[in-house]
Amino acid sequence: MNPPPQSSAESATAGTDSDAAEGELAAYRLRRERELNSLYTTARSLTALGEVDEVLHSIVRHAHELIGSDFAYLSLLDAEGYLTVRASAGTISSEFSSGRMPPGTGLGGRVIESGVPFWVSNYREAQVLPHDPAFDLLVPREGLMALLGVPLMVGDRAIGALFAADRTERPFEKDEVALFSAFAGHAAVALNNARLYEESRVSLRRLEDAYRTIEDQVTTMERAAAVHEALTHAVLTGGGPGDIAQLLVEHLRGTVTVRGRDDEVLAIRFPRGRDGDADRNVPPDAPRNLPRDTARDMPSDVPRDVCEEARDTGRCVSTQGADGYFRSVVAVRPGGNHFGFLSLACRAAPEPADVRMLERSAQIMGLLFLMRDAHAEAEERVRGELLMELMSRSPLHPAQRDRALARGVDVDHLDVLVVVDCPERTASEVVRQLKPLSTERSGLAGEYLGRPTMLLHADDVEDVARTLHRRLRRTLGVPVLVVADRIAGERSRAFTLAQRCVRVIRSLGENDRGASAQQYGMYALAFDPERSGDLDRFLTDSIGTLLEYDRRRSTDLVATASAYFAHSRNLSRTARALHVHLNTLLKRLDRIGSLLGEDWRSPDSALRLQLALRLHELRAAVDGNSPDTSG
């Protein structure tokens, strides 16, 4: 059956509907084409960007333009899982641009967890979303109503979300969601590329910094090696503290000071500017043209507590003074033995490389001091051996004479012997101070039979005794007896006379002076062994009767007579000194008179008796047997 024929009016209506549909389709296709062109153009522009912040702001700006919403913003996940707003376009509230959403809350949490787009037409009334009170306070300030969120995916991982928002309630069409999602995919790729680019740039900068650090370290090591080589060469070629200080000044650009064990200045060197004047690294109070004699007394330029810390730790210690200068000090202590300090003063704080160089230089300085001490000890040992050989009775071998001449000692001219007595110091301590004095006089010093001894040449024996006493008194800091004697015959005899003279002088009540043995010639009977026979005869003639009586009866007549004359014949004082009754004293004096004769108190007899008693006491002191004079 054929359909009924259409009228002309119905045909016209059908043609109009068909044309309208084709027009809408064409407009849709044109709009989609423009959107896709805009999408690809935007994607290309994003790929041309490199900075992460620049990419973030470009994404939200293009998203705002592409979707046509009132505003757009982008949030990224931070290390704690919070979605933090990183960029926005079209917003009016500054607080909103710093919004932060806890994990699992809000529309962003839904998008991150599901990995798919999600939208609501009215965010404030959306009951399907877990709200965050802090973010909800920002919503009315911004006027947010409709909200679309799409994830920013890198592989299978969401790194954040892109949002389009309107301030009026409305739905988001499927085409809008698809377009926004496509844009978010391109944006995520661009953002990830920007991140990788930023990480690459950071890594490259780190590599460049590491390379520069390595270059600096290599330069520093080469510089340190050059300085170390120069310092070692200076030590091995006989250089001294001044040479080491000068080398350090050239590399450290500061004032370098070397101090010895007793804080005396051994060397000080100043940096020089291009015009030859001292540069700005010289402290204003630094000494100029330091005299040799005053260097020993110059105070330390580094606080004492800083020096002690450097000595205790073995490391370099730095401090800044009131004048603004930095002073660094390191102890010179090879093998744990303290030899002094090495210090640097400069305007700027020392670099770690400079500190290491100063510490290594202190080690080299310690090597120098050890070598010098070893050389000095060897010299002292040789000189001590020569002294022992000279003091013996055997004549010197020609080789021994040559060894002495090599050290500037002419043994044939050593005509004075010196003996030193210092109970408050050991013999080795005294000898240590005596040796440099002997070197100055081309002599020899050492320890002989436990006594500090020196052999030298001198025209005036008394003057050399006084001079040596004065210098030893200053260096030892305690009373000291120095006795010098002209050698006549055997040196061993001169030694015996000198040391016995020391005992006589000490028995006479003196303990701090320098003298010749000849000055005590009147007591030669007491300390000259060759005159012991003369002394025996004199004592026998003078007080022999008393000595024999005391020996047989165990009395104290000799001691009583000594005390009697010692107290100017005053009976009361003599009795008190002897701790006896006055009657006892009178009986003893009567006994002495009966043995010696009643004229024993006459001037001539008394003088002879007093001399005999004194010589008896001195002989006992020299022989090491002090008589008991207390009664």
Side-chain angles (χ1 to χ4, degrees), residues 46 49-64 69 71-120 122-165 177 180-181 183-206 209:
L46 290 178
L49 301 175
E51 298 285 347
V52 172
D53 289 340
E54 187 180 2
V55 170
L56 290 173
H57 288 90
S58 180
I59 288 173
V60 297
R61 187 175 66 254
H62 285 96
H64 184 221
S69 59
F71 62 97
Y73 63 96
L74 184 150
S75 297
L76 295 178
L77 288 171
D78 60 17
E80 299 176 356
Y82 280 70
L83 267 176
T84 303
V85 177
R86 294 291 302 276
S88 62
T91 56
I92 58 177
S93 171
S94 59
E95 292 86 355
F96 189 85
S97 299
S98 60
R100 196 164 179 257
M101 185 73 72
T105 59
L107 189 139
R110 177 74 172 269
V111 170
I112 293 296
E113 290 178 352
S114 64
V116 297
F118 193 80
W119 64 269
V120 292
N122 190 327
Y123 179 82
R124 281 178 265 184
E125 297 181 1
Q127 300 298 321
V128 295
L129 299 176
H131 287 256
D132 176 57
F135 185 78
D136 286 353
L137 292 176
L138 303 176
V139 170
R141 299 177 187 176
E142 191 61 42
L144 186 151
M145 186 66 70
L147 181 63
L148 166 64
V150 294
L152 296 172
M153 304 294 295
V154 175
D156 297 332
R157 181 173 63 91
I159 62 172
L162 181 64
F163 300 93
V177 175
F180 205 54
S181 297
F183 176 75
H186 288 291
V189 172
L191 180 59
N192 191 53
N193 289 339
R195 278 183 166 182
L196 294 175
Y197 174 70
E198 181 67 22
E199 290 176 0
S200 299
R201 286 201 308 170
V202 171
S203 299
L204 180 60
R205 283 198 299 269
R206 288 176 179 172
D209 293 341

### Task
For residues V150 and V111, determine if any side-chain heavy atom of one lies less than 4.5 Å from a side-chain heavy atom of the other.
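The answer is no; the side chains never approach within 4.5 Å.
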### Task
State, yes or no, whether a side-chain contact exists between T84 and S75 at a heavy-atom distance under 4.5 Å.
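The answer is no, as the side chains (C-beta and beyond) never meet within the 4.5 Å cut-off.
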### Minimum heavy-atom distance between L162 and A63, given as atom pair plus value
CD2-CB, 4.0 Å
### Separation of Y73 OH from I59 CD1 (nearest 0.5 Å)
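Going from CD1 on I59 over to OH on Y73, the span is 15.5 Å.
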### Task
State, with a plain yes or no, whether a side-chain heavy atom of L129 is found less than 4.5 Å away from one of F118.
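Counting from C-beta outward, L129 and F118 do come under 4.5 Å.
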### Message
Between V139 and H131, is there a side-chain heavy-atom distance shorter than 4.5 Å?
### Response
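Sidechains of V139 and H131: no contact.
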### Message
Using side-chain heavy atoms (C-beta onward) and a distance below 4.5 Å, is L56 in contact with L76?
### Response
yes
### Task
Give the minimum heavy-atom separation between A126 and V120, together with the two atoms involved.
CB-CG1, 3.9 Å
### Nearest atoms (heavy-atom pairs only) where P151 meets G115
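Closest pair (atom of P151, atom of G115, distance): CG-O, 3.4 Å.
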### Query
So, S203 side chain and E199 main chain: donor-acceptor pair closer than 3.5 Å or not?
yes
### Query
In a check of side chain to side chain contact (heavy atoms under 4.5 Å, CB included) between L152 and each of I159, I112, L77, which one passes?
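That would be I159; it is the only one of I159, I112, L77 passing the side chain to side chain contact (heavy atoms under 4.5 Å, CB included) with L152.
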### Message
Do L137 and P133 make a side-chain contact, defined as non-hydrogen atoms from C-beta onward lying under 4.5 Å apart?
### Response
no
### Message
Nearest 0.5 angstrom please: M145 CE to R124 CZ, how far?
### Response
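Rounded to the nearest 0.5 Å, the CE-CZ separation comes to 4.0 Å.
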### Message
To the closest 0.5 Å, what do you measure between CG (L147) and CH2 (W119)?
### Response
11.5 Å
### Nearest non-hydrogen partners of V177 and P117, listed with the distance
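It is CG1-CB, 3.8 Å.
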### Message
Are F71 and F163 an aromatic pair, judged by ring center distance below 6.0 Å?
### Response
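No - the distance between ring centres of F163 and F71 does not fall below the 6.0 Å cut-off.
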### Query
Are the side chain of T105 and the backbone N or O of M101 linked by a donor-acceptor pair below 3.5 Å?
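No.
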### Query
Side chains of F183 and H62: does their closest heavy-atom pair fall under 4.5 Å?
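Yes, at least one pair of side-chain atoms sits under 4.5 Å.
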### Task
Specify the closest pair of heavy atoms between I92 and E142, including all atoms of both residues, with the distance to one decimal.
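Shortest heavy-atom separation between I92 and E142 comes out as N-OE2, 2.7 Å.
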### Crowding at CZ, R206 (>12 non-hydrogen neighbours, <6.0 Å)
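Not buried by this count: 12 neighbours or fewer within 6.0 Å.
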### Query
Hey, is R100 close enough to D78 for a salt bridge, meaning N to O under 4.0 Å?
yes
### Task
For the residue pair S88 and F96, establish whether any side-chain heavy-atom pair is separated by less than 4.5 Å.
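No, their side chains stay 4.5 Å or more apart.
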### Query
Which heavy-atom pair separates L138 from G99 by the least distance, and what is that distance?
CD1-CA, 4.0 Å
### Query
Any donor and acceptor pair, going by atom type alone, linking the side chain of N192 with main-chain N or O of A188 inside 3.5 Å?
no
